[in-house]
Amino acid sequence: MSSSPVYVGTIKTPATSFVNADGIAFKTVCIPGANGIRIDSLIASNSDAANAYVVQLAIQASGVDYPIGEVAIPIGAGTNGVAKSVALLNPTDIPALAYTENGALYLQAGMLLRAKCKTAVSGANVVYVIAASAGDI
């Protein structure tokens, strides 16, 4: 425990997108600062009008991706005016999240939050993943 307070640093809203050329490889969503980070929400949307996708989340430590859960992203989620975008950090799909109103993910410095689509995104469609954080802690 720190002997002096650590305050929230710069606000962060990291984002990444998945397209057909990405295949099924993990991509980095968030890199913590020197004191770590608390990710308050992680939102996914899907521009595909014909296919749903499953996004798998992982924490990378020492170059190894450790999966922490998977969340289904419906057809057109957050982009078609009907299906809502999806909260990836939810206690149903990732039950070990820190207890806050919506769940939060804490990462220490040196670890990465990574994500991938379990099947390649079709054609010119895009799956978006956007994090919201109060910043480094």
Side-chain angles (χ1 to χ4, degrees):
M1 183 131 208
S2 175
S3 60
S4 60
V6 177
Y7 298 101
V8 172
T10 305
I11 302 299
K12 288 188 173 183
T13 311
T16 193
S17 59
F18 298 90
V19 296
N20 183 267
D22 293 322
I24 57 170
F26 276 110
K27 292 175 72 173
T28 298
V29 177
C30 185
I31 302 170
N35 292 319
I37 194 168
R38 183 183 86 191
I39 301 169
D40 296 309
S41 66
L42 194 62
I43 304 158
S45 58
N46 173 13
S47 72
D48 197 328
N51 297 294
Y53 297 96
V54 173
V55 171
Q56 184 178 68
L57 300 176
I59 295 174
Q60 187 182 82
S62 300
V64 177
D65 291 313
Y66 296 94
I68 61 171
E70 300 178 344
V71 182
I73 313 302
I75 293 169
T79 64
N80 68 5
V82 178
K84 305 298 182 205
S85 58
V86 177
L88 296 175
L89 297 182
N90 70 74
T92 300
D93 294 312
I94 305 176
L97 295 172
Y99 182 76
T100 63
E101 183 178 329
N102 296 315
L105 182 63
Y106 291 83
L107 295 177
Q108 71 184 43
M111 293 189 158
L112 304 174
L113 175 60
R114 312 242 301 155
K116 72 176 183 178
C117 288
K118 293 198 64 179
T119 57
V121 176
S122 169
N125 295 297
V126 184
V127 172
Y128 303 94
V129 175
I130 302 166
S133 168
D136 295 336
I137 54 175

*Which heavy atom in Arg38 sits nearest to a heavy atom in Ser133, and how many Å separate them?*
O-OG, 2.8 Å
*Find out whether Leu113 and Leu107 are in side-chain contact, i.e. whether some heavy atom of one side chain is under 4.5 Å from a heavy atom of the other.*
yes
*Measuring from Thr16:OG1 to Phe26:CZ, what's the distance to the nearest 0.5 Å?*
12.5 Å
*Only pairs at least two apart or in different chains count here, so list each salt bridge (charged side-chain N to carboxylate O under 4.0 Å, His left out) that has a residue in residues 42-63.*
none
*asked:* If I compare all heavy atoms of Ala109 with all of Gly33, which pair ends up nearest, and what's the gap?
replied: CB-O, 3.3 Å
*Does Val129 belong to the same Ile/Leu/Val/Met/Phe/Trp/Tyr cluster as Ile59, with side-chain heavy atoms less than 4.5 Å apart forming each link?*
yes
*Hphob cluster co-occupancy, Val121 + Tyr128, side-chain heavy atoms under 4.5 angstrom*: no
*asked:* Can you pull out every side-chain hydrogen bond (donor to acceptor under 3.5 Å, both in side chains) where at least one residue sits in residues 67-82? Sequence neighbours excluded, please.
replied: Gln56-Glu70, Glu70-Lys118
*Once you round to the nearest 0.5 Å, how far does OH of Tyr66 lie from CE of Met111?*
8.0 Å
_Inter-residue atom distance Ile73.CD1 - Asn51.CG, 0.5 Å rounding_ = 13.5 Å
*Linking I/L/V/M/F/W/Y whenever any side-chain heavy atoms sit under 4.5 Å apart, do Val29 and Ile94 land together?*
yes
*For Ala77 and Val86, which heavy atoms make the closest approach, and how far apart are they?*
CB-CG2, 4.4 Å
*Take Val126 and Phe18 through the test side-chain contact (heavy atoms from CB on, under 4.5 Å) and record every step on the way to the result.*
CA-CA 6 Å; Val126 184; Phe18 298 90; over 6 Å; no
*Might you point out which heavy atoms bring Ala87 and Val71 nearest each other, and give the distance in Å?*
O-CG1, 4.5 Å
*Pairs involving residues 18-28, ordered by first then second residue, that meet side-chain hydrogen bond (donor to acceptor under 3.5 Å, both in side chains) (sequence neighbours left out)*: Asp22-Lys27, Thr28-Arg114
*Checking side-chain contact (heavy atoms from CB on, under 4.5 Å) for the pair Ile39/Leu89: CA distance, chi angles, key distance, verdict?*
CA-CA 9 Å; Ile39 301 169; Leu89 297 182; 3.9 Å; yes
_Evaluation steps, side-chain contact (heavy atoms from CB on, under 4.5 Å), between Thr13 and Ile130_ = CA-CA 7 Å; Thr13 311; Ile130 302 166; 3.9 Å; yes
*Among Ile24, Val127, Val19, find the one that has a side-chain contact (heavy atoms from CB on, under 4.5 Å) with Cys117.*
Val127
_Closest contact, heavy atoms only, Ile75 versus Ala50_ = CD1-O, 3.6 Å
*Spacing of Leu88 atom CG and Leu57 atom CG [to the nearest 0.5 Å]*: 5.5 Å
*For Ile37 and Cys30, what are the C-alpha separation, side-chain angles and deciding distance, and is it a side-chain contact (heavy atoms from CB on, under 4.5 Å)?*
CA-CA 9 Å; Ile37 194 168; Cys30 185; 3.7 Å; yes
*Nearest 0.5 Å, what's the OG-CG distance between Ser122 and Asn46?*
10.0 Å
